[in-house]
Amino acid sequence: MDWKAELPAIAPVVKFDEPMREHTTFRIGGPADAYVEILTMDQAKGFFTFVKRAKLPYFLLGWGSNLLVRDGGIRGIVVRFRGEFEKIEFLEDRRVRAGAGVRLPTLVTECAERGLGGDESLVGVPGTVGGALVMNAGTRDGEIGPLVRSIGIIDEETLEFKRLERKDFHFSYRHSNLEKRVILDVELQLLAGSKVDILKRVREFQRRRQETQPIHTYNVGSTFKNPPGRYVAQMIEEAGLKGMRHGGAKVSEKHANFFENERDASARDVLALVQEVQAKIRERFGVDLELEMKVVGE
Ligand SMILES: Cc1cc2nc3c(=O)[nH]c(=O)nc-3n(C[C@H](O)[C@H](O)[C@H](O)COP(=O)(O)OP(=O)(O)OC[C@H]3O[C@@H](n4cnc5c(N)ncnc54)[C@H](O)[C@@H]3O)c2cc1C
């Protein structure tokens, strides 16, 4: 079967040999064999039926804000949920349903405008709902996990829509058991409050981020997870590694746990810098740093 010839009838947006640097906030990454956008539930069912039948590998892409895609790119089909999956519905009792493709800054501000809070600290996480659930995105002031009531997925066996309830999912620090699932939407339980107060907190979180993070550079947020009881950024700074470079990649001067693509960095540059920093931190503190960003592709 020539899957490349069949794909355009299955998904409305299809691109072949698509550079992944166009789809990651790092602006790094070789080509995906194919990139598709899925806009409706019917298209999603059709697509997953197709890849199952053809035994094709696929990769679910959110905003690409936590991904380092290797220079050889991604084999198989990269899938992004847009259209219907970018909608937010406001339900009863302070519940909100958001599609997998909704971005957190949009979700948090739309909720705030309606006097719904509890999620304010997530306003500066640039990713989508799908990526935020997989990563249990969060800050020192709160994570998405505790707000989740249920998650809509496509069941991998039946290819039918299914809702996961709290007993089905688990969240811990930048981790969940959702990695292999196809997430379509989430239902969150928020808190009612004064719109003015909630918006004030949202702006405060935005302001703090502007001050402390290099948000106008190409990066993927925190490179490493914080080891128990310590802050990686502080350790990297104490080790004198701020501003360290490998090729086009650099340890940020503003926030040492952010690595920047300063000058056309390759994934190889970033990975070399990661290893150098890990080795220096091991030497100095005896701590093995674990990656928070996900490295994918070949
Ligand atoms: C400037 C900046 C600041 C950041 N600050 C924070 C922060 O404060 N806290 C924090 O936690 N993170 C932060 N991040 C990292 C990143 O935004 C989060 O990890 C975010 O949750 C990733 O979402 P995404 O949509 O970009 O996912 P992607 O990076 O595209 O993908 C991440 C993972 O989710 C999977 N995935 C994506 N969509 C789906 C889906 N629909 N179904 C199933 N799996 C899916 C992917 O396959 C991949 O495994 C920051 C990043 C940047 C660039």
Side-chain angles (χ1 to χ4, degrees), residues 20 22-29 32 35-38 44 47-48 57-69 74 76-82 84-86 98-108 119-145 151-154 156 164 169 171-186 205-206 208-210 212-226 231-233 252 254-255 257-261 291-297:
M20 286 302 294
E22 304 287 334
H23 302 280
T24 60
T25 55
F26 237 155
R27 296 287 188 277
I28 295 174
Y35 164 91
V36 305
E37 290 182 2
I38 286 177
F47 175 79
F48 288 102
Y58 61 85
F59 177 78
L60 301 166
L61 175 71
W63 193 250
S65 64
N66 199 44
L67 297 179
L68 176 65
V69 179
I74 297 184
I77 307 174
V78 169
V79 191
R80 223 181 122 197
F81 291 104
R82 305 204 61 178
E84 265 181 24
F85 302 101
E86 292 173 300
V102 172
R103 294 187 61 206
L104 295 192
T106 312
L107 181 63
V108 173
D119 59 352
E120 296 92 323
S121 79
L122 300 174
V123 71
V125 180
T128 62
V129 160
L133 291 175
V134 169
M135 295 306 302
N136 187 22
T139 67
R140 293 178 200 182
D141 299 284
E143 298 174 333
I144 194 165
I151 300 171
I153 61 158
I154 285 193
E156 295 81 356
L164 300 177
F169 42 82
F171 295 106
S172 55
Y173 172 54
R174 299 301 165 267
H175 186 264
S176 73
N177 63 341
L178 298 163
E179 182 123 6
K180 300 279 176 252
R181 312 316 294 256
V182 178
I183 298 169
L184 299 179
D185 72 32
V186 71
F205 281 117
Q206 285 169 324
R208 254 197 256 166
R209 229 171 242 272
Q210 295 254 2
T212 57
Q213 299 182 356
I215 54 177
H216 299 297
T217 65
Y218 299 141
N219 68 74
V220 287
S222 294
T223 310
F224 302 107
K225 292 186 185 186
N226 287 314
Y231 287 113
V232 181
S252 169
K254 196 161 181 181
H255 190 306
N257 197 18
F258 280 51
F259 286 16
E260 298 170 8
N261 171 7
L291 281 179
E292 175 168 326
M293 71 175 179
K294 284 190 180 295
V295 183
V296 299

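Atoms within a ligand are numbered from 1 in the order they appear, just like the ligands themselves. What's counted below: heavy atoms across the whole structure, side chains too, no hydrogens, waters or symmetry copies.
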ask   = Polar-atom distance check: Gln213 versus ligand 1, any N or O pair below 3.5 Å?
value = no

ask   = What atoms of ligand 1 come closer than 4.0 angstrom to any heavy atom of Asn66?
value = 15 (C), 16 (C), 19 (O), 22 (C), 29 (O)

key: Closest protein heavy atom (residue, atom, distance) for atom 11 (O) of ligand 1   = Gly138 N, 3.0 Å

request  = Among all protein heavy atoms, pick the one closest to atom 4 (C) of ligand 1 and tell me residue, atom and distance.
outcome  = Pro126 CD, 3.7 Å

ask   = With a 4.0 Å heavy-atom cut-off (strictly under), which part of Ala100 contacts ligand 1: side chain, backbone, both or neither?
value = side chain

query = Tell me: protein heavy atom nearest atom 32 (C) of ligand 1, and distance?
reply = Leu67 CD2, 4.1 Å

task = Tell me which protein heavy atom sits closest to atom 12 (N) of ligand 1, plus the residue, atom name and distance to 0.1 Å.
result = Val125 CG1, 4.0 Å

request  = Considering non-hydrogen atoms only, spot the tightest contact between Ala32 and Val78 and give its length.
outcome  = CB-CG2, 3.6 Å

task = Could you pull out the closest heavy-atom pair between Phe26 and Glu260, with the gap in Å?
result = CE2-C, 4.3 Å

key: Atoms of ligand 1 close to Met135 [distance to a heavy atom under 4.0 angstrom, numbered from 1]   = 19 (O)

ask   = Are any of the N/O atoms in Leu60 less than 3.5 Å from those in ligand 1?
value = yes

query = So does Arg103 pair up with Glu86, basic N to acidic O under 4.0 Å?
reply = no

task = Check whether any heavy atom of Glu143 sits under 4.0 Å from an atom of ligand 1.
result = no

query = Once the angle between the rings of Phe85 and Phe81 is folded into 0 to 90°, is it parallel (under 30°), tilted (30 to 60°) or perpendicular (over 60°)?
reply = perpendicular

ask   = Under 3.5 Å, N or O to N or O, is Ile215 touching ligand 1 that way?
value = no

inquiry  = Checking a contact table here: which protein heavy atom is nearest atom 22 (C) of ligand 1, and how many Å away?
reply    = Ser65 OG, 3.4 Å

task = Taking all heavy atoms of Thr128 and all of Gly101, pick out the closest pair and write down the distance.
result = CG2-O, 3.8 Å

ask   = For ligand 1, which atoms have a heavy atom of Ala137 less than 4.0 angstrom away?
value = 11 (O), 21 (O)

task = Tell me which protein heavy atom sits closest to atom 43 (C) of ligand 1, plus the residue, atom name and distance to 0.1 Å.
result = Arg181 O, 3.1 Å

task = Please identify which atoms of ligand 1 are closer than 4.0 Å to at least one heavy atom of Phe81.
result = 41 (N)

remark   = heavy-atom search around atom 49 (O) of ligand 1 in the protein gives Lys294 CD, 3.3 Å

query = Mind checking whether Ile183 has an N or O less than 3.5 Å away from an N or O of ligand 1?
reply = yes

ask   = Can you name the nearest heavy-atom pair linking Leu104 to Val125, along with the distance?
value = CB-O, 3.4 Å

task = Taking the six-membered ring of Phe169 (Phe, Tyr or Trp), confirm whether the NZ or CZ of Arg181 is under 6.0 Å from its centre and within 45° of its axis.
result = no

key: Among Asn136, Leu133, Ile153, side chain to side chain contact (heavy atoms under 4.5 Å, CB included) partner for Leu178   = Leu133

task = State, yes or no, whether a side-chain contact exists between Gln213 and Arg208 at a heavy-atom distance under 4.5 Å.
result = no

task = Measure Val220 to ligand 1 on non-hydrogen atoms and call it side chain, backbone, both or neither using the 4.0 Å cut-off.
result = backbone

task = Specify the protein heavy atom at minimum distance from atom 28 (P) of ligand 1: its residue, its atom name, and the distance to 0.1 Å.
result = Gly64 N, 3.7 Å

query = Parallel, tilted or perpendicular: which fits the ring planes of Tyr35 and His23, with parallel below 30° and perpendicular above 60°?
reply = parallel

message = Check this for me - ligand 1, Asn219, N or O atoms closer than 3.5 angstrom, yes or no?
response = no

query = Would you say Arg174 and Asn66 make side-chain contact, with heavy atoms under 4.5 Å?
reply = no

query = So do the side chains of Val220 and Leu68 get within less than 4.5 Å of each other, counting heavy atoms only?
reply = no

inquiry  = Restricting to non-hydrogen atoms, name the atom on Gln210 and the atom on Lys254 that form the minimum distance, rounded to 0.1 Å.
reply    = O-NZ, 2.9 Å

task = Would you please determine whether Arg174 falls within less than 4.0 Å of ligand 1 on a heavy-atom basis?
result = yes

